[in-house]
2 protein chains.
Amino acid sequence: MEFRQLNSLIALAENGFSVSRAAQKLHLVQPAVSQHLKQLEQELGTRLFRRNGKRLTGLTESGERVLHYARNILTDTSNILAVGQEHVSEEKGILRIGTTHTQARYVLPPIVRHFSEAYPAVELQMLEGTPRELVDMAQENKVDFAICTEALGEHPALLAIPCNRWNRCLIAPKAHPVLAQKRVTLKALCRHPIITYVAGFTGRDHLNETFGKEDLIPHVVLSATDTDVIKTYVREGMGIGIIADLAYEREKDIDLAMRDLSHLFPWEVTKIGYRKDKYLRAYQKRFIEFFQEISARMGQAAV
Amino acid sequence: MEFRQLNSLIALAENGFSVSRAAQKLHLVQPAVSQHLKQLEQELGTRLFRRNGKRLTGLTESGERVLHYARNILTDTSNILAVGQEHVSEEKGILRIGTTHTQARYVLPPIVRHFSEAYPAVELQMLEGTPRELVDMAQENKVDFAICTEALGEHPALLAIPCNRWNRCLIAPKAHPVLAQKRVTLKALCRHPIITYVAGFTGRDHLNETFGKEDLIPHVVLSATDTDVIKTYVREGMGIGIIADLAYEREKDIDLAMRDLSHLFPWEVTKIGYRKDKYLRAYQKRFIEFFQEISARMGQAAV
DNA sequence: ATCACTTACGGACGGCGTAAGTATT
DNA sequence: AATACTTACGCCGTCCGTAAGTGAT
């Protein structure tokens, strides 16, 4: 058994079982990858792939198991390489962060700024995705950290470090009727068209549940993955916005009125997720600490 | 990075950092192994080894880390191979058990007999060692299971499945004065020369603690790793024996009187230990079940 | 007919073994 | 002097790329 065979297996699984595409990703020609897969099957004496004629369409149960261990092996090899990198220079390397728009736009900027000042030789790579995608990326070691509120902590191979607590707030054009009451209620929210996040993002599912428990049906006229879009349409007068409190910018959003909604909805926790068996380089550990410290300070400032 | 490089690293660490001996174990010539180690260091750009001139004497901190991940990788490769073996034939393979003399001699025989009948095509390999050694063997994947009472459950990389509960009993030649009282006390035991297990074996350490708590000092005239030796010297009249109850054989030991001591000492638990990340083949899972079922039945029979 | 994978073949790289060299005990 | 590791060298295996072949859509 050789690393290249396992790499080909993994690349295959991550590219819809197209041998050609896997080969492309691996910077190899397609027959080479075919050979790896064949060798692996021969050596194990087992069918690993579901086949449709010559095309590979998926994995057998054995194949799934092997893939699992292959991923472990891949993780450990990159752990070994990371040990090497760490010794070459503790303060040099790459940090790959996968996160959602809201985190990238409103939470991470001060953290990233501090981190970059502390570790100027670390190259930061930010990737955006849905929480579900981010979890997969962490699991497949495509990113070092997945930072989001949803979907983390479900995956048994990932560790989820809680870092940041937030809730929702209401935004509306000034003088909007919903602002008449000091303390907004769920019922009051339902009387107006609502603009908020799409399902699977930024606590939308908990938001639905909260209304559901009271047998209320919010009238969501528009949903977006992205707070900026929500704000834009709130400004257009299309409806009232329910957004993460950390996405309200006191200075820039002076044209929008804000009301806290933390008495209505459950608190959400943003977590940093990474593989349990991951070797953390010194600057990676520091990044997590930065995140916790800075977001704790920002939380206080908000209160 | 290649598997052979990691294998050489592991072999080196397991052979007192002698490159020649590692090469021998790997069925390679010594320069080949030297080259692997050199390549690994070069590729990682780090000193992995402590050196004394040309001789290697140990690992640096980086080296230790790398060794750790290399072992993980090795385990996962054997997991992958096991998946293959499983599909070739579910009922064929090897089962490597590391255990202590007492378990091998008094507990395992009926379990092994049943297992062999159920899986005649599985080759059983039994290795003996001290609990400490057995734990290392499980950790290094030299055995599939370590079966013992001590030292298991301490190691973070091992899973310890409790299988069997036992306590001690007293054995003595018939008509020995210690037998006068029906219910033996710790004090009474101290009035006679005692023969029991050596430290680190078969609950000897808990036995010491129990006496210690009462500020009693047992007069141990002879200690052995092995119940048969203890019985032999008890028969010789050298003293009274304190042995595991499961090692008393009602039929064969009719010349020895037996008294239960479970009111004096804590219960001990025999466990099966294996690496947490180990892939268990079907017959390996069955072996654990056999162990639990059969020893539960034997426990009842004893009561 | 096109696309995707398999089979066939040759060149180049590299691993391992042999043998000679150097440091350690 | 003997042991243990390093360096040097050559053969052989094999890995990958090119190119032709085969089966699906």
Side-chain angles (χ1 to χ4, degrees), chain A residues 1-60 62-63 66-67 70 73-74 77 80-81, chain B residues 1-60 62-63 66-67 70 73-74 77 80-81:
Chain A
M1 184 161 34
E2 297 297 331
F3 281 119
R4 35 178 178 283
Q5 295 161 6
L6 302 180
N7 277 327
S8 290
L9 171 66
I10 291 170
L12 184 77
E14 288 177 1
N15 288 283
F17 294 92
S18 156
V19 182
S20 329
R21 290 214 292 151
Q24 226 172 304
K25 287 272 165 100
L26 294 168
H27 306 288
L28 290 172
V29 295
Q30 173 268 319
V33 175
S34 279
Q35 199 181 2
H36 296 164
L37 301 174
K38 194 177 178 180
Q39 287 168 337
L40 199 60
E41 268 195 329
Q42 275 184 356
E43 193 168 334
L44 300 184
T46 312
R47 294 255 85 111
L48 298 177
F49 307 104
R50 305 199 64 74
R51 286 181 167 79
N52 191 345
K54 286 195 173 183
R55 321 268 169 119
L56 305 181
T57 57
L59 291 172
T60 63
S62 298
V66 172
L67 176 63
I73 289 174
L74 198 70
T77 59
I80 288 177
L81 294 174
Chain B
M1 183 161 35
E2 297 297 330
F3 280 119
R4 38 181 176 281
Q5 295 162 6
L6 302 179
N7 277 326
S8 290
L9 171 66
I10 291 170
L12 183 78
E14 288 177 1
N15 288 284
F17 294 92
S18 157
V19 181
S20 330
R21 289 215 290 151
Q24 228 171 304
K25 286 272 166 100
L26 294 168
H27 305 288
L28 290 171
V29 294
Q30 173 268 319
V33 175
S34 279
Q35 199 181 2
H36 297 164
L37 302 173
K38 192 178 179 181
Q39 287 168 336
L40 199 60
E41 269 195 327
Q42 275 184 356
E43 192 168 334
L44 300 184
T46 312
R47 293 254 85 111
L48 298 176
F49 307 104
R50 306 200 63 75
R51 286 181 166 79
N52 191 345
K54 287 196 173 183
R55 319 270 168 119
L56 305 180
T57 58
L59 292 172
T60 63
S62 298
V66 172
L67 177 63
I73 288 174
L74 198 69
T77 59
I80 287 177
L81 295 174

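In what follows, every heavy atom counts, from backbone to side chain, and hydrogens, waters and symmetry copies are set aside. Letters A, B, ... are given to chains in the order of the sequence lines, protein chains preceding strands, and every chain is numbered from 1. Just so we're clear, the structure is a prediction, and the values are computed from it rather than from any experiment.
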Residues that [X] engages under side chain to side chain donor-acceptor pair (under 3.5 Å), provided they are two or more places apart:
X: B:R21; answer: none
X: B:Q24; answer: none
X: B:Q5; answer: B:Q39

Rounded to the Å, how far apart are [X] [atom1] and [N] [atom2]?
X: A:E41; N: C:dC5; atom1: CD; atom2: P; answer: 14 Å
X: A:Q39; N: D:dG13; atom1: CD; atom2: P; answer: 16 Å
X: B:E2; N: D:dC15; atom1: CD; atom2: P; answer: 10 Å
X: A:R4; N: C:dG14; atom1: CZ; atom2: P; answer: 12 Å
X: B:H27; N: C:dG15; atom1: NE2; atom2: P; answer: 21 Å
X: B:R21; N: D:dT3; atom1: CZ; atom2: P; answer: 15 Å
X: B:L56; N: C:dT24; atom1: CG; atom2: P; answer: 13 Å
X: A:Q42; N: C:dT7; atom1: CD; atom2: P; answer: 10 Å

Show the atom names and distances, to 0.1 Å, of all donor-acceptor pairs under 3.5 Å that link a side chain in residues 27-34 of chain B to residues at least two apart or in another chain.
{"residue": "B:Q30", "atom": "NE2", "partner": "B:S34", "partner atom": "OG", "Å": "2.9"}

Original post:
How large an angle, rounded to 10°, do the end axes of the helix from C:dA1-D:dT25 to C:dT25-D:dA1 enclose when each is built from five base pairs?
Top reply: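 The helix from C:dA1-D:dT25 to C:dT25-D:dA1 shows an end-to-end axis angle of 30°.
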Original post:
Between the main-chain N or O of A:L48 and the side-chain N or O of A:T60, is there a donor-acceptor pair closer than 3.5 Å?
Top reply: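 At least one qualifying donor-acceptor pair exists.
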**OP:** May I ask you to list the residues of residues 28-38 of chain B, by number, that have any heavy atom positioned under 4.0 Å from an atom of DNA chain D?
**Re:**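 B:Q30, B:P31, B:S34, B:K38 - these, ordered by number, are the residues of the stretch whose heavy atoms sit under 4.0 Å from the strand.
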Subject >> Residues in salt bridge (Lys or Arg N to Asp or Glu O under 4.0 Å) contact with B:R47, at least two apart in sequence or another chain >> reply: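 Salt bridge (Lys or Arg N to Asp or Glu O under 4.0 Å) check on B:R47 returns B:E41.
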**OP:** Please say whether more than 12 non-hydrogen atoms of neighbouring residues, nucleotides or ligands are located less than 6.0 Å from CZ in A:R51.
**Re:**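 Correct, the count exceeds 12.
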**OP:** Please list, chain by chain and in numerical order, all residues satisfying ring pair (Phe, Tyr, Trp, His ring centres under 6.0 Å) with A:F3, sequence neighbours excluded.
**Re:** B:F3
**OP:** Sequence neighbours left out, what passes side-chain contact (heavy atoms from CB on, under 4.5 Å) with B:I10? Give chain and number order.
**Re:**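 Partners of B:I10 under the side-chain contact (heavy atoms from CB on, under 4.5 Å) test: B:E14, B:L67, B:A70, B:R71, B:L74.
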**OP:** Quick one: which residue pairs count as a salt bridge (charged side-chain N to carboxylate O under 4.0 Å, His left out) with a foot in residues 23-39 of chain A, not counting sequence neighbours?
**Re:**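 Qualifying pairs: none.
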Original post:
To the nearest 0.5 Å, what is the distance between NE2 (A:H36) and CG (A:L9)?
Top reply: 12.0 Å
Taking only nitrogen or oxygen atoms into account, show me every contact under 3.5 Å that the protein makes with nucleotides 21-25 of chain D, one pair per line with its distance.
{"residue": "D:dT22", "atom": "O2", "partner": "A:K54", "partner atom": "NZ", "Å": "3.2"}

**OP:** Using only side-chain N and O atoms of A:S20, determine if any of them is under 4.0 Å from OP1 or OP2 of C:dC5.
**Re:**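 Yes, because at least one side-chain N or O of A:S20 sits under 4.0 Å from OP1 or OP2 of C:dC5.
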